[in-house]
Asker: 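I am attaching a structure below and will ask some questions about it afterwards.
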2 protein chains.
Amino acid sequence: MALKIRKNQSPPPPRGCPLSHCMEILKGAWTPNVIWCLAAGSRRFSELRHDIPAVSAKVLTVRLRDLEKKGVVARAVRPTSPPSVEYSLTDLGAELLPAIRAIVEVSHKLKMRNNEACLGRKAAVEAAE
Amino acid sequence: MALKIRKNQSPPPPRGCPLSHCMEILKGAWTPNVIWCLAAGSRRFSELRHDIPAVSAKVLTVRLRDLEKKGVVARAVRPTSPPSVEYSLTDLGAELLPAIRAIVEVSHKLKMRNNEACLGRKAAVEAAE
DNA sequence: CTGCATCCATAAAGATACTG
DNA sequence: CAGTATCTTTATGGATGCAG
């Protein structure tokens with residue numbers, strides 16, 4: 001029912017707030033991964049599925065459509081006998097790469113630092129022998 | 001029940017795939033916003049709520065705890081009569097800013113480009129007069 | 001091969017009320 | 001002020017089956 005009354009607020013669904021307004025491009029859980037795989041060049045649908053084994057066809061399709069609609073990736077259909085579709089990053093999509101790389105880098109540092117507690121203790125024990 | 005049988009797969013919950021392994025730091029929908037607000041300096045809990053009106057106290061708390069655990073933000077309690085808690089970015093957290101800025105920038109370009117279709121058409125019509 | 005539709009499970013976020 | 005607890009809604013993702 002379209003006119004269902006909701007006791008909670010948010011008469012209009014969250015405008016531009018959730019997913020702040022920034023980050024909308026990287027919304028899906030697999031989006032960064034897809035962009036990352038496309039960074040090296042064009043990939044076919046099945047190649048992407050091979051690159052990211054854990055993603056389902058549905059989600060990959062949805063994310064690809066999303067990114068296409070936003071102008072981040074380009075979709076090129078090859079009219080071959082077995083259908084073939086090539087996905088690639090647009091120029092704007094490529095601009096996302098440094099950002100993703102930066103986040104991955106900091107993420108990595110954070111993990112290393114978080115592991116220092118355990119690793120450091122273990123190393124100290126071994127060094128004490 | 002812990003041993004409930006699930007007809008679907010995923011016996012082990014998704015390991016490091018969803019949210020690829022990168023982007024874990026920016027997981028929550030409000031996380032980028034919180035980091036952004038903290039970029040200018042320390043903020044109290046209620047100040048953050050004021051900065052981001054649409055976020056609920058619960059979510060803000062959860063995100064703040066998450067970021068604190070990851071070493072992105074620091075939490076300082078002031079033993080004043082009305083309790084006061086200051087949140088601020090750690091050095092590693094500050095390293096996230098350029099990345100977020102880059103994503104926001106591309107996001108903005110994307111939106112401008114997506115609006116060009118409508119705006120451009122309107123401008124063309126007006127220019128033709 | 002590529003992709004869509006349907007159904008189900010889970011996680012994140014919002015509302016609200018309550019505590020130190 | 002700064003949370004915490006509980007409940008509900010929504011969004012995202014996975015499985016499966018089907019179609020061009």
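Both backbone and side-chain heavy atoms feed into the values below; hydrogens, waters and symmetry mates do not. Letters A, B, ... mirror the listed sequences (proteins, then strands); counts begin at 1.
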Asker: Determine the minimum heavy-atom distance between B:Pro32 and B:Gly28, stating which atoms define it.
Answerer: CD-O, 3.7 Å
Asker: Quick check: any donor-acceptor pair below 3.5 Å linking the side-chain of B:Lys58 to the base of C:dA13?
Answerer: yes
Asker: Within less than 4.0 Å of OP1 or OP2 of D:dG14, is there a side-chain N or O belonging to A:Trp30?
Answerer: yes
Asker: Please list all pairs passing the side-chain hydrogen bond (donor to acceptor under 3.5 Å, both in side chains) test where one or both residues lie in residues 46-58 of chain B, with sequence neighbours left out.
Answerer: B:Arg43-B:Asp51
Asker: Expressed in angstrom and rounded to an integer, what is the separation of B:Arg49 atom CZ from D:dT4 atom C1'?
Answerer: 13 Å
Asker: Taking CD from B:Glu24 and C1' from C:dA11, how many angstroms apart are they, rounded to a whole number?
Answerer: 15 Å
Asker: Is there any side-chain hydrogen bond (donor to acceptor under 3.5 Å, both in side chains) pair reaching into residues 83-101 of chain A, and which pairs are they, with sequence neighbours excluded?
Answerer: A:Arg44-A:Ser84, A:Arg75-A:Tyr87, A:Glu95-B:Lys109
Asker: Quick one, A:Ile100 and A:Leu26 - any side-chain contact, counting heavy atoms below 4.5 Å?
Answerer: yes
Asker: Measure the CG-CG distance between B:Leu89 and B:Leu96 for me, rounded to the nearest 0.5 Å.
Answerer: 7.5 Å
Asker: Whether A:Tyr87 contacts C:dC1 is assessed here as follows: a side-chain N or O lying under 4.0 Å from the phosphate OP1 or OP2. Is that the case?
Answerer: no
Asker: With respect to the side chain of A:Lys27, which nucleotide from D:dT12, D:dG14, D:dA2 is positioned closest?
Answerer: D:dT12
Asker: Counting only non-hydrogen atoms, which of residues 59-70 of chain A are less than 4.0 Å from DNA chain D?
Answerer: A:Val59, A:Arg63
Asker: So which atom in A:Ala94 and which in A:Pro98 form the shortest heavy-atom distance, rounded to 0.1 Å?
Answerer: O-CD, 3.5 Å
Asker: Please check if the side chain of B:Ser107 supplies one atom and the backbone of B:Ile103 the other of a donor-acceptor pair under 3.5 Å.
Answerer: no
Asker: Contact class for B:Arg75 vs. all strands (heavy atom < 4.0 Å): base, sugar-phosphate, or nothing?
Answerer: sugar-phosphate
Asker: So what's the dot-bracket for DNA chain D: Watson-Crick or G-U pairs under 3.5 Å, [ ] if a pair crosses, | if it pairs off-strand?
Answerer: ||||||||||||||||||||
Asker: If you measure from NZ on A:Lys69 to CG on A:Leu64, what distance do you get to the nearest 0.5 Å?
Answerer: 12.5 Å
Asker: Does the side chain of A:Ile52 come within less than 4.5 Å of A:Cys37's, by heavy atoms?
Answerer: yes
Asker: From D:dG14, C:dT2, D:dC1, pick the nucleotide closest to the side chain of A:Ser56?
Answerer: D:dG14
Asker: Rounded to the nearest Å, what distance is computed from the CZ atom of residue A:Arg43 to the P atom of nucleotide C:dC1?
Answerer: 15 Å
Asker: Measure the distance from CZ on B:Arg78 to P on D:dG3 and round it to the nearest whole Å.
Answerer: 14 Å
Asker: Please report the distance, rounded to the nearest Å, between CG in A:Asn33 and C1' in D:dT12.
Answerer: 16 Å
Asker: With a cut-off of less than 4.0 Å, is there a side-chain N or O of A:Arg44 near OP1 or OP2 of C:dC1?
Answerer: no
Asker: With respect to the phosphate group of D:dC1, does any side-chain polar atom (N or O) of B:Thr80 fall under 4.0 Å of OP1 or OP2?
Answerer: no
Asker: Nearest heavy-atom pair of B:Val55 and B:Leu60: which atoms, and what distance?
Answerer: CG2-N, 4.1 Å
Asker: Strictly distance-based, threshold 3.5 Å: is any side-chain N or O of B:Lys111 a donor or acceptor partner for the main-chain N or O of B:Val106?
Answerer: no
Asker: Set out, line by line, the N/O atom pairs under 3.5 Å between protein and nucleotides 17-20 of chain D.
Answerer:
none

Asker: How would you list, by chain and number, every residue that makes a salt bridge (charged side-chain N to carboxylate O under 4.0 Å, His left out) with A:Glu105, sequence neighbours excluded?
Answerer: none
